[in-house]
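Below, chain A is the first sequence line, B the second, and so on; all start at residue 1.
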Number of protein chains: 2
Amino acid sequence: MSQFLLRNQVIPLTTTLENPNSKSTAKQRLLEAAMTLFHEQGIRTTTIADVALVAGVPLGNVYYHYRTKDALVSAVIAARHKEVQAELELAKCQANPLERLRSLVKDSQNNRELLTAHGCPYASLAQGLRDTGGILAEQAGELLRLHIEFAEQQFTILEKPEAPALAADFIAKLYGAYTLANAMNNPTFLDQQLERIEAWLEQIAARKKV
Amino acid sequence: MSQFLLRNQVIPLTTTLENPNSKSTAKQRLLEAAMTLFHEQGIRTTTIADVALVAGVPLGNVYYHYRTKDALVSAVIAARHKEVQAELELAKCQANPLERLRSLVKDSQNNRELLTAHGCPYASLAQGLRDTGGILAEQAGELLRLHIEFAEQQFTILEKPEAPALAADFIAKLYGAYTLANAMNNPTFLDQQLERIEAWLEQIAARKKV
DNA sequence: GTCTATACGCCGATAGAC
DNA sequence: GTCTATCGGCGTATAGAC
């Protein structure tokens, strides 16, 4: 396929972060670059050379830190896993379940540009690896399950007997909003849906127990 | 990247459909093969050789019918566009708006395996072309807009003042269910969500006008 | 119009100097 | 540990016989 269609000629949005006084190791910079580029461009579209360039590391050196591209993908999944867990731990600091669930919506609002431009990094990882059928696809799918489980816990605390179904609804609403906003390249659409999701959460929380 | 991760060594699920007595032209078979493979494997992962193999056409011959891979992608988008319009026209044959909306859910139920295994073909097209920033990405995004507009029409006929928001909710629910079922590789999850979407539709339709 | 052979560039991965 | 040079294979696209 022509380069025009499938590869950005332009320099990636995230230019070299190389900060001389930063103590970050080459390995860390490579991981961060890969996380960003895999999200922005997709795994297959991103070359090792791209990652090396953004991380400010010579091409051949990448293979010293990550023996194959697969290893790099695997490391990115692990890092995203930690990222989600950290997000959920932070959410748990909120006073009550409703606020904890709302903080997921707030996180989405804070990342509206990124989500609209490139979609959800977790779903994108999972989708990009689905065809491979390997263990990596399973691990990527696990990222979404973490969100669902968290939501289920909160709805359970709210004493909703249909907690599992509500959790599925909640996360599906979120991911559906990401998908549509991204496909239509419309951040306003995302804003509107997030507002409605928040309203829905409040309504569910206020609802009398059955 | 190693072949193991990013390419299926195995023969595509859709093997050569070459039916001797079928009158289908090579160009038609190429288009159908591309539609299937782009959905099953993604655009970038699918090579011209893959398409040629499945269509039963010699490699070099592909370029006689479609001058570049971009041209093939463009043709696939146009075909998907027709496909959606046909689906919506068929839905409009239903007696009332509620049934018309439900027929979208039924369509999803009928395609549960495909949707779970490979995700929504329209969203996947749109996402796969988003990075390119070209006109193709816009056209792919239009596919989803068709669904939203259709839903909005039906909610309007149902005299819902919040028809646009309800339409967005409805389609977002659907696409969210696709995304999660695909990422977690869980057809049962899709079934459950589709059931809940149908129940939600009925509840909205039955709701007294405000 | 149909087919084979091949040019050309890109990318993952390695070799080996320092 | 760091870097340069390069291999080998694949994928798009073309040349040119029939």
Side-chain angles (χ1 to χ4, degrees), chain A residues 1-12 16 18 20 23-31 33-34 37-38 41-76 128-129 131-132 134 136, chain B residues 1-12 16 18 20 23-31 33-34 37-38 41-76 128-129 131-132 134 136:
Chain A
M1 174 164 305
S2 76
Q3 298 303 90
F4 175 70
L5 173 62
L6 284 180
R7 293 227 5 107
N8 278 333
Q9 305 302 63
V10 296
I11 297 164
T16 310
E18 224 174 355
K23 290 266 178 51
S24 67
T25 68
K27 188 163 186 170
Q28 284 172 335
R29 291 202 310 278
L30 284 169
L31 180 60
L37 289 172
F38 287 173
Q41 309 186 343
I43 296 175
R44 196 140 202 298
T45 319
T46 300
T47 68
I48 298 287
D50 288 341
V51 178
L53 181 70
V54 172
V57 168
L59 172 60
N61 228 3
V62 176
Y63 293 91
Y64 172 76
H65 298 289
Y66 298 98
R67 277 190 46 252
T68 65
K69 192 173 177 181
D70 277 16
L72 190 52
V73 172
S74 191
V76 166
L129 294 169
D131 344 341
T132 71
L136 293 178
Chain B
M1 173 165 304
S2 76
Q3 299 304 90
F4 175 70
L5 172 63
L6 285 179
R7 295 232 357 112
N8 278 333
Q9 306 301 64
V10 296
I11 296 164
T16 310
E18 224 175 356
K23 290 266 177 55
S24 67
T25 68
K27 188 162 186 171
Q28 285 173 335
R29 291 202 310 277
L30 284 169
L31 179 61
L37 290 173
F38 286 172
Q41 309 185 342
I43 296 175
R44 196 142 202 297
T45 320
T46 300
T47 68
I48 298 288
D50 287 341
V51 178
L53 180 70
V54 172
V57 168
L59 171 60
N61 229 2
V62 177
Y63 292 91
Y64 172 77
H65 298 288
Y66 298 97
R67 276 189 50 250
T68 64
K69 191 174 177 181
D70 277 16
L72 190 53
V73 172
S74 190
V76 166
L129 295 169
D131 345 340
T132 71
L136 293 178

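Computed from coordinates, the A/Gln28 CD to D/dG1 P distance equals 13 Å when rounded to whole Å. Straight-line distance from the CG atom of A/Leu37 to the P atom of C/dC11: 13 Å, rounded to whole Å. If you measure from atom OH of A/Tyr63 to atom P of D/dT6, you get 17 Å, rounded to the nearest angstrom. Atom CD1 in B/Ile43 sits about 16 Å away from atom C1' in D/dT12, given to the nearest Å. Between the C1' atom of D/dG11 and the CD1 atom of B/Ile48 lies a distance of 9 Å, rounded to the nearest Å. Distance, A/Arg44 CZ to C/dC11 P: 11 Å, rounded to whole Å. Here C/dC11 presents its C1' atom at 20 Å from OH of A/Tyr66, a figure rounded to the nearest Å.
B/Lys27 NZ to B/Leu72 CG: the interatomic distance, rounded to the nearest 0.5 Å, is 10.0 Å. Going from atom CD1 of B/Ile43 over to atom NZ of B/Lys69 covers 8.0 Å, rounded to the nearest 0.5 Å.
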I would like to know whether B/Val62 and B/Val51 meet side-chain contact (heavy atoms from CB on, under 4.5 Å); could you show each step before the answer? CA-CA 8 Å; B/Val62 177; B/Val51 178; 5.5 Å; no

Assess whether side-chain contact (heavy atoms from CB on, under 4.5 Å) is satisfied between B/Ile48 and B/Tyr66, documenting all intermediate values. CA-CA 10 Å; B/Ile48 298 288; B/Tyr66 298 97; over 6 Å; no

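Counting only heavy atoms from C-beta outward, the side chains of A/Leu53 and A/Asp50 never approach each other to under 4.5 Å.
No donor-acceptor pair closer than 3.5 Å links the side chain of A/Arg44 to the backbone N or O of B/Thr45.
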Under-3.5 Å N/O pairs linking protein and nucleotides 2-4 of chain D:
unit_1	atom_1	unit_2	atom_2	d
D/dC3	OP2	A/Asn61	ND2	3.2

